[in-house]
Structure formats: structure tokens, C-alpha cells
Trainee: 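Below are the C-alpha cells for one structure; questions will follow.
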Amino acid sequence: MISGYLDYLFSYLEWGTLSQMPRVLGMMLTSADPYFWLLFLIMLRMTLPAVVLWGVNLLRPAALLPPGAEAAPRLPLVSVLIAGRNVAETIVPTIRSALSCGYPNLEVIFVDDHSSDDSVLQARTLERTGRVRVFGADAHTGKPGSLNVAMALARGEYLFVLDADSEVQHGAIPSMLAHFGDPKVGAVAANLRVRNALENWITRFQECEYALNVSVSRLWRGKLGLLSILPGAGSMFRASALRAMGGYDSGLGDDTDLTLRLRKLGWRLGFAPDAVVWTDVPNTFSWLLRQRSRWTRNMVKIRLHKHGDLYHPGRFGLSNAMVFADLFLLRVLLPFLALAGVVVYTAMEPLAHPLMLTGLYWVVIFLLLARLLVAHDLLRTPGLARLWLVPFYPFYRLPIRVAEGISILRELLRIQLWHPYVPRRIWERIPHW
Amino acid sequence: MIEVDQKRYIDVLRRSQSSGGEMRPIWNPRSDRGYVYDSALEHQEHEMLWRDLKNLADLDYLEQDFFNRLTRCPSCGSHHLSVREVCVSCHGPNLHSVPLLHHFRCGYVGPIHAYGKDDHGHRICPKCHGTLEHLGTDHDHPGENWSCRSCESSFQVPDVEALCLSCGTTHAGANLVHEDVFSFRLSSLGAAALRHGRLFDSDQEQLVEEGTPIYRRSIFLSLIEDERRRRRRYAIPFGLVIVRPDAEDADDEDVFAMARRLAPKLRDSDKIGRLDRAHLLLLFPSTDAAGIEIALSRLISPDLRSAAVAVREGDDTVALLAAARARVTR
Ligand SMILES: [Zn+2]
Ligand SMILES: [Zn+2]
Ligand SMILES: [Zn+2]
């Protein structure tokens, strides 16, 4: 039975089957069945931006460079802001990587969020470099508050917010600064890459995922002015823009929230693919699911509940409305429609279902391969040696999708809103979106 | 020992006795050391008394107790130091510290002066315009931040530096010279010396207290060090026990009586030594922990208190004995 199915599965790779593909696609396109159209649209939305990006890079590579790249070299003071709690293991290498990333005019401010380990002592060993300042908070405040403390102490013209367990690659800071040549740019996201990719298969998959959903996606979004998240693990801000807003808001989802507030004020956001920041990703599946659940809940909380008014093109501009519509379709509506479709089709034609899924599987694999090759060509990540993961990638994404779906429902139904990320005493004082 | 010294030492002991058995330091900023032991003395006599007290303590006639600690200038030795916070980068003392306030509701953090006030005197958050009412419930104080007016540095922990008012040099806090200041109490040996009107410096007297089996304190401490060395090199164990009369108001005579009662119960190699006026030590060479248990059970009697003192490698003997003394004190 199983070997029979495997025969069938691999029969798709035979020339006889492959040569039928255009005909099948034509059938899908002309089909009156809305489900095929839905699938087609999802695939188009997932694949087209990457393919277009690849084409642009091929024909006019200069179009992908930051606008102000040729501007005369200026070396403004950059403050690296790091907030952390119980990060004694990683804080020293993180600060050291920032100090030695090749940018001369730099200060590092580490705000310790009342750690119970010796994070403060560890970090203070670097204070005698004269470029590092350590602030140990007297009480647990949460990350946004700690970053605001760091911001209050910073003197730089630009603020580079970094996670306490990351590593700045040489040359990252000038790559980001280049974007600020445009006075309308308020912030620039660094290119996050997975440092512990070789640890196990979970982190290897995440490397592919980051390449697609973080690097490539931010590259075209940045170009189109549709960037909607500046990662807390590595983003640079114009200090005056951040100060004018009073810094981060308390509560969950701080980086998304800050990004959308900048967008609402009309700041442009950039993405610097050459500014690489290495970060560690979860190395167990349960940790990964918890992380994604938190992200998803924060997405709903911040984007739908707190900044739901972004959809209004008359108020915050067309690009903000597009960001909102894209997100709503892609992250909320489509997953549920897709799920509903699977249920409906299984009920209607139980026997045709495995065959259809198999066909769909091969299409997905093919498109995924195309996107990964684009990512590799544009950004040299993931390595070609990682492509053997492709056939298994859908099975890695499926449980994540399910967990995300559950989180969306839980957040929409407002089940267990509190997360220990925010200390209780502060939670009790903030508005709950 | 020279006759003149003898006489002067006896004088010092007598002075201790007449001032309640104890010579305590008296702070005196005009003296060279910053303190004296007798305000009635002439200037140059202070140093002489200071050295006599130290010597008498070394010779076991006085017991010295830690009283306080002074810092001195490493350049000139003066105690006229002004210790203050200085800038971490330019070492200037022209600093001011600014408390930061954190508003929970909106997360804003800023220096206290960034917050305005409303008609009721409550602070207003510059970000969300909310009112700050109770420290700790709706806002808090994440810490202090120092700024330097000379070089615009900013830091949370300033350096500490001392300015010497005598020679004008400045020194980092870590480089200052520390001097422990002691008070001195008459020991039992000192009291005996006063009774006899002389110091005990014949060969036999330099080992044990006159007319008793009790080794003098300094001798006994060096015996303990010998045992520790032997244990380290040859792994030969030894035991140490602290004893004192049970009576809280035991006098020298009670302690001597206790020592005389204990002596016949000990082996020839075991030794009795002085810790201080009320406390004696027993040293058991070549005896392991089990042996000490047996010895203790033999020594136990209702009129004395005792405890085994575990000496581990690296322990400081004097600190260890102070802790042991606390264990047998009520
Ligand atoms: Zn506020
Ligand atoms: Zn200074
Ligand atoms: Zn001096």
C-alpha cells in the first residue's frame, strides 16, 4: 500500500506527467471551481514577488541598492541599545560583536531588566572600553520599558536596537546608515540570519524560512514601501523619530507596534540586506511553536486590534491600507479558507482527495524550490546544500500553521491575554488591545 | 628584654587596667594616625604607646580586637582624604545625577524634569499626558543616571576617587591603603604580669603561662600552624577543641582551675593553649574526627562548654577561632 503510493508520488517526476503540467494549469485557470482560483491566487501571491525581484536583480541590479548609497561618508554617533534579562551567557559576545563590527563612532548601552544572574557583572567587564554603558534596573520592567531606559541614556543620532543573543556582522552599520540619506526614512531593518542553523533539523528549516519570509520578503516589501515589521533583534532608528514618539509602548508585540506607529506618522522604512545580524532561533519544536503562537497573537493584538484603523486609505495612505489588506488576507482569511476547503473537498469527494493533494504537493514543492533558489541567488542564503529539505518543508510548516491558526482564534476570542513577557504590575496599568 | 622597655610595658599594662582593662582608640583628626589611645599624652608619645600596645599584643599580654578600618593616602600616608564620586571617563568630580521615571501605561522613560506638573502637583507624562499618582503602582524609578558636567559622559555607576587634603594627590578607591584599628584588652597573662610586677621572659615562661599548663596564645597559634602544615604534607590529621567555663562571669582563676582539671585527662602529646581570657583551646595531634568525638565525650562536664573546631584547608585560623568562640558563647 505504502510502496504503491510512493510509486504514484514519484510518477509525477516522470516526463510523461511533467509534460501534462501546462494543460493542468490551464484547467485550473479556466475551472469554474472557486477553490482552484483560491489556490492559484495564494500561490501567485507567495511566488510572484520573489520571481519579480529576481528578474529586477537580473536586469537592473542598481534598483535594489539603497537610494542614498552614494552619499558622502559621514560617521554619525550610533547608539547600540540592548535590553536583556538573565543573559549572562550571551551578553558579552553580543556587545563585543557590536564593538568590533568596524564602525568607529559607536556607543553600546545595555539595560539589564533586573536579572537574577550576573548579566550586569558580565557586561560591566566591558565598561572599561569606554564605549559601553551598563544600566541595571532596580525592578523588572519588561523589554519595551528597558529599551526606553536605554533610549533615555543614548546620545547617538541613530539608535541600533539589538537582541542580547545576537551578533552583528562586520559592515552592518554603514549598510543601514546608507538608507538614512533619505530624510524621510525613519528606520531600517537589518537582515536577520540564523546563527545556529547547523544545530539540528528544526533550526535548518528555520534558516530556509528566514530566507524566504524574512530576507526576501523584506527586500521587496522595503522596495515597495510595504515593510510592516522592524525586528527587535536588529533595527536602526532615527533617534529623533523614536524620541518624538516617546519610544516603545508598554505591553506585548513591541516591535510590530513601533513599526506601525512609525508608518502612521509617515516615516519611510527601509531594509538593508547587507546589514547582517546573526540570531539564534528556537532549537526545539515546542519552543518554536510557543514562539510562533506568541508572535501570531501579538500580530492580531497589534495589527488588528490596536492599529486596525490602518486599513483606511484616506487616513494613513494607500501603502498602509495595502499592508493591512495583504496581512489580513494572507495571515487571517486565507488560512481559514484553505482549511475550510480541505474539509469541504474531503467530504464531497473522499477518493479524489489524496490524488488532488499529491498533485498540489508537487506544485508547492516546485514553487518553493523556485523561491529558495531566488533567495539563494539574491542573498546567498540558504546554501544549496540545504535544498534537500524542500520536499519536507510543507510538513515542517503545517504544524506551525495549525498553531498559528489556534493562536489567532484564541486572540480573537481574547482567551488568556496576559503573557509573562509583561510584568504583572505593568500589565495592570496598560490598555489591553 | 631591656630593663627600660620592661618598665614601660608594665606601665602600659597598668594604664590598661586602670582604664577598665581596655585601651580603646579615640578619634582625633589632628593626630598623625587619626586616632590616639590616650588623649592626655604629648604629641610624640602617641606613636610610642601605639607601638607598645602592638608589641604587648604580639607577646600575649594584651588581646587585640578589631575596632574599625581607616583609609590612608598611598602617597603620604595621611588620613585626611576626601572620597567622592568622579566621572568614569575624565575623572572630574563635577557630576550631577538625574533620576529616571518610567510611566507604566505608555512605557515612557525620561529624566524627572521631562515630566510637567498639573494643578494638583501630580506629574504629567509628556508622552501620553496621563497623571502619575503613586510611585510603584503607576510609575517607578528604574534607577539613577549620572552625567558629567565636564565631559558630558553619562553612566550609572561613577568611579570612586579620594583626594588627599595633605599632599593634593588623587587616588582611585581601589588603591587606597587600608589600616585596621584595634582596641586592646588586658589578657590573663597581662593581668598575671601586673600581679607579679614583671613580664615573663624566662625560657619556660615564654612557652606557657606561669604556674599553669596553658601555652601562650602566640605560641599556640604557631603550634596550630605546624599541625596544619603536617596535615598538608603528610596527611596526618589533628583535632582542635575550644573550651570555656560554663559560668558567664568566670574569672582567670576559674579558667586556670579548668585547665588543671583537663590536663590529666589528656595524652602527653595533647596541648592546652590560650585563645583569650575566657577561652582555651585543646590541640590533639594525630587524631581524626572520630578520635575527637571520643575525646570530647571524655571531657564533657557540666561546668564547661566545648566545641570541636573543624580546620579546613585554606581557612584563616584567626577568623575560624573567632567563629568558634561565637559558638560557645551564649
Ligand atoms: Zn505616559
Ligand atoms: Zn567627565
Ligand atoms: Zn597624600
Side-chain angles (χ1 to χ4, degrees), chain A residues 77 79 81 83 107 109-114 120-121 123-124 127-155 242-252 254 257-258 261 422-432, chain B residues 85-92 95-116 123-149 151-160 172-174:
Chain A
L77 177 63
S79 303
L81 312 185
E107 62 168 6
I109 297 165
F110 168 59
V111 173
D112 176 80
D113 191 8
H114 202 59
V120 172
L121 283 180
R124 284 211 198 282
E127 268 188 333
R128 66 194 133 75
T129 61
R131 302 204 288 166
V132 178
R133 282 185 280 149
V134 178
F135 187 95
D138 297 339
H140 178 29
T141 310
K143 195 166 180 189
S146 301
L147 283 171
N148 284 345
V149 171
M151 198 181 85
L153 305 180
R155 289 186 304 246
L242 210 52
R243 290 227 159 81
M245 301 196 309
Y248 288 86
D249 279 1
S250 296
L252 289 155
D254 38 72
D257 175 53
L258 191 72
R261 286 166 61 216
V422 182
R424 271 282 181 198
R425 64 195 182 104
I426 290 181
W427 182 255
E428 283 155 12
R429 291 281 157 184
I430 59 178
H432 300 309
Chain B
E85 283 96 7
V86 294
C87 170
V88 294
S89 67
C90 75
H91 298 285
L95 306 183
H96 63 121
S97 90
V98 182
L100 295 174
L101 285 189
H102 166 222
H103 189 208
F104 292 173
R105 204 183 100 81
C106 70
Y108 182 77
V109 175
I112 198 159
H113 54 74
Y115 290 78
R123 288 183 206 283
I124 301 284
C125 172
K127 176 174 172 183
C128 69
H129 308 294
T131 324
L132 277 59
E133 290 184 351
H134 300 289
L135 186 74
T137 54
D138 60 2
H139 68 287
D140 70 358
H141 172 54
E144 207 91 352
N145 190 52
W146 293 79
S147 303
C148 173
R149 290 198 185 93
C151 75
E152 308 213 309
S153 280
S154 126
F155 37 88
Q156 191 189 17
V157 182
D159 277 349
V160 170

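Just so it is clear: chains get the letters A, B, ... in the order the sequence lines come, proteins before strands, and each one is counted from 1.
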Trainee: What part of A/Val134 is in contact with chain B, defined as an atom under 4.5 angstrom from a non-hydrogen atom: side chain, backbone, both or neither?
Mentor: backbone
Trainee: What part of A/Tyr248 lies closer than 4.5 angstrom to a heavy atom of chain B: side chain, backbone, both or neither?
Mentor: backbone
Trainee: Please round to the nearest 0.5 Å and tell me the distance separating atom CD1 of A/Ile430 and atom SG of B/Cys128.
Mentor: 12.0 Å
Trainee: Measuring only between side-chain heavy atoms, which start at C-beta, is A/Ser250 closer than 4.5 Å to B/Arg105?
Mentor: no
Trainee: Which atoms of A/Met151 are under 4.5 Å from chain B, going by heavy atoms: the side chain, the backbone, both sets, or neither?
Mentor: neither
Trainee: For A/Arg133, is it the side chain, the backbone, both or neither that has a heavy atom under 4.5 Å from a heavy atom of chain B?
Mentor: side chain
Trainee: For B/Ser147, is it the side chain, the backbone, both or neither that has a heavy atom under 4.5 Å from a heavy atom of chain A?
Mentor: neither
Trainee: Quick check on the 6.0 Å ring-centre criterion: do B/His102 and B/Phe104 meet it?
Mentor: yes
Trainee: How many angstroms lie between atom CG of A/Leu242 and atom CG of A/Asn148, to the nearest 0.5 angstrom?
Mentor: 7.5 Å
Trainee: Would you give the length of the straight line joining atom CD1 of A/Ile109 to atom CG of A/Leu153, rounded to the nearest 0.5 angstrom?
Mentor: 5.5 Å
Trainee: Less than 4.5 Å to any heavy atom of chain A: does that hold for the side chain of B/Asp140, its backbone, both, or neither?
Mentor: side chain
